Amino acid sequence: MGSTIKGFKFKQSAKLKIEVVPLRTLTETSRPHLVTPHRTDFYHVFLFEDCTPIHLVDFKPIKVNPYSLLFIDKERVHQFDQLLHYEGRVLIFTEDFFHTHQNDGAFLRSSILFNELTDKPGLKLRKQDFDRFQKICDSIVEELSMEHPEPVILKNHLHNFLLLAEREKRMQGFTEMKKGPDLDYTLLFRNLLEKQFKNNKNVSTYADSLHVSVKRLGQATSNVVGKTPKEMIDERVLLEAKRLLVHGNQSIKEIGFQLGFEEPTNFIKYFRKHTQKTPVVFRESFLS
């Protein structure tokens with residue numbers, strides 16, 4: 001295990017927080033970072049060509065298909081295949097780059113591409129459709145090579161890329177979550193949960209912050225994702241606990257305290273209740 005999950009920010013020298021990087025260049029220059037679990041403060045869109053690696057995203061192995069796209073939200077923990085047989089490119093960008101108008105943030109938060117509520121981060125394409133996305137990346141690279149690249153043009157290219165990907169995903173039979181108050185409340189709850197899960201595990205506190213009743217919030221999440229707010233809270237706490245147990249070397253006491261448990265025994269009971277394993281047994285199962 002490493003000492004922690006490494007976090008990476010978009011390089012500070014980049015004036016515009018968008019870039020298209022050849023995967024071969026990335027794997028040749030950054031191998032030690034790629035093959036260990038890491039998280040970033042920017043979004044990834046992988047464009048895989050003729051390769052079939054296994055990409056690990058939060059304990060879930062994603063089998064890559066040739067000529068496919070893979071969307072990874074910011075702050076997700078992921079890890080490259082140890083063999084690093086990656087061909088293609090990766091389009092990376094920050095939320096600040098995309099978020100120039102009020103509706104932009106809502107688009108990214110509710111997108112069927114990066115939204116982990118859908119649990120389907122990949123998109124397999126026909127070669128001719130894949131080439132269309134490649135051409136948009138070419139346009140981004142070309143604009144970035146200009147002496148004075150225009151942010152609006154770059155954002156339009158990126159927005160078109162994402163809209164085309166959403167359309168392709170719908171055409172492939174993706175069942176989109178029905179828009180309306182239930183989806184709005186669920187997304188607002190999820191965003192608030194992401195910020196507060198370490199110190200707030202009380203459904204009523206979240207409901208109060210969203211100015212809805214506990215019952216109404218429960219109706220919304222049940223209708224949208226088939227889970228209660230308490231189940232969503234527990235899943236988020238447990239995901240972070242598993243990340244810290246497997247990818248770090250903190251003690252059980254330190255992890256429990258970091259996740260808002262004042263007593264180690266409370267954390268151990270909580271973890272065992274939901275996973276049927278103690279934190280120690282879970283950690284050791286990944287070391288064997």
Side-chain angles (χ1 to χ4, degrees), residues 1-2 5-11 13-14 16-94 97-98 111-116 118-142 144-145 154 157-158 161-162 164-166 168-169 172 243 246-247 286:
M1 291 181 297
I5 301 169
K6 293 187 179 296
F8 297 100
K9 296 183 179 297
F10 207 101
K11 59 184 182 183
S13 59
L16 298 171
K17 305 303 183 183
I18 182 172
E19 190 173 3
V20 178
V21 185
L23 285 172
R24 183 168 294 184
T25 300
L26 191 62
T27 56
E28 288 175 354
T29 59
S30 305
R31 178 186 174 87
H33 301 311
L34 300 180
V35 298
T36 55
H38 58 279
R39 67 197 338 159
T40 67
D41 69 345
F42 49 88
Y43 294 84
H44 288 69
V45 182
F46 289 94
L47 294 89
F48 295 113
E49 294 180 7
D50 193 9
C51 60
T52 56
I54 304 294
H55 202 83
L56 196 67
V57 183
D58 272 328
F59 302 98
K60 295 180 181 179
I62 307 295
K63 189 178 187 309
V64 171
N65 292 301
Y67 307 112
S68 65
L69 307 180
L70 177 63
F71 302 86
I72 298 182
D73 200 352
K74 63 175 185 174
E75 302 301 337
R76 296 293 299 270
V77 175
H78 63 116
Q79 179 178 350
F80 281 57
D81 191 314
Q82 294 288 329
L83 296 177
L84 286 182
H85 291 165
Y86 284 73
E87 296 291 339
R89 296 189 280 187
V90 59
L91 167 62
I92 57 176
F93 63 95
T94 66
F97 171 79
F98 189 82
S111 172
I112 62 176
L113 303 174
F114 296 103
N115 189 342
E116 73 275 8
T118 66
D119 203 32
K120 294 181 179 179
L123 182 58
K124 191 175 186 304
L125 300 169
R126 296 177 301 172
K127 177 66 165 59
Q128 58 266 40
D129 295 323
F130 182 81
D131 289 342
R132 187 174 188 182
F133 289 99
Q134 290 276 50
K135 289 178 181 178
I136 297 177
C137 285
D138 290 339
S139 297
I140 292 173
V141 171
E142 182 179 0
L144 285 170
S145 70
L154 288 165
H157 287 320
L158 175 58
F161 185 108
L162 298 177
L164 286 170
E166 284 196 334
E168 182 65 34
K169 195 160 189 173
Q172 292 188 18
R243 287 171 170 174
V246 174
H247 303 313
F286 278 83

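None of the values given here were measured: they were computed from a predicted structure. Numbering starts at 1 and runs along the sequence shown.
- Side-chain atoms of F80 and H33, non-hydrogen and from C-beta on, never get closer than 4.5 Å to each other.
- Listed by chain and residue number, nothing satisfies the side chain to side chain donor-acceptor pair (under 3.5 Å) test with K17 (two or more places apart in sequence, or in another chain).
- Taking the six-membered ring for Trp and the full ring otherwise, F71 and H44 have centroids separated by 6.0 Å or more.
- Here the side chain of Q82 pairs a donor or acceptor atom with the backbone of V35 at under 3.5 angstrom.
- Side-chain contact between D50 and Y67 is present, with at least one heavy-atom pair separated by less than 4.5 Å.
- Other residues, nucleotides and ligands place no more than 12 heavy atoms under 6.0 Å from the CZ atom of R24.
- The aromatic rings of F93 and F114 sit perpendicular to each other, their planes meeting at more than 60°, with 30° as the lower class boundary.
- Residues F97 and Y43 keep their aromatic ring centres 6.0 Å or farther apart.
- Atom OG1 in T27 sits 11.5 Å away from atom CG in L83 (nearest 0.5 Å).
- Between the side chain of T36 and the backbone N or O of P32 there is at least one donor-acceptor pair closer than 3.5 Å.
- Once rounded to the nearest 0.5 Å, the distance linking CG of L34 with CD of Q79 reads 10.0 Å.
- When atom types are taken as modelled, the side chain of S68 and the backbone of V64 share no donor-acceptor pair closer than 3.5 angstrom.
- The two residues I18 and L144 make their nearest non-hydrogen contact at O-CD1, 3.7 Å.
- For the pair L91 and L158, the minimum side-chain heavy-atom distance is below 4.5 Å.
- Between H55 and H78, the ring planes lie tilted relative to each other; the angle falls in the 30° to 60° range.
- A salt bridge links D129 and R126; the closest N-O separation between the charged side-chain nitrogens and carboxylate oxygens is under 4.0 Å.
- With values rounded to the nearest 0.5 angstrom, L162 atom CG is found 10.5 Å from I112 atom CD1.
- Between the side chain of E19 and the backbone N or O of F10 there is no donor-acceptor pair closer than 3.5 Å.
- Heavy-atom minimum distance, P37 versus V77: CB-CG1, 3.9 Å.
- Here I72 contributes atom CD1 and T40 contributes atom OG1; the two are 8.5 Å apart, rounded to the nearest 0.5 Å.
- Between L47 and V45, the shortest heavy-atom contact is CD1-O, 3.6 Å.
- Residues R132 and Q128 have side chains not in contact (no heavy-atom distance under 4.5 Å, counting atoms from C-beta outward).
- Closest approach of E75 and D41 over heavy atoms only: OE2-CA, 3.6 Å.
- The CG atom of L84 sits 11.0 Å away from the SG atom of C51 when rounded to the nearest 0.5 Å.
- Using cut-offs of 30° and 60° for the angle between ring planes, the F46 and Y86 rings count as tilted.
- Here the CG-CZ distance, from L154 to F98, works out to 12.5 Å after rounding to the nearest 0.5 Å.
- Residues P22 and R89 come closest through the heavy atom pair CA-CG, 4.1 Å.
- Taking 4.0 Å as the cut-off between side-chain N and carboxylate O, K135 and D131 do not count as a salt-bridged pair.
- F8 and H38 get closest at one heavy-atom pair: CE1-CB, 3.6 Å.
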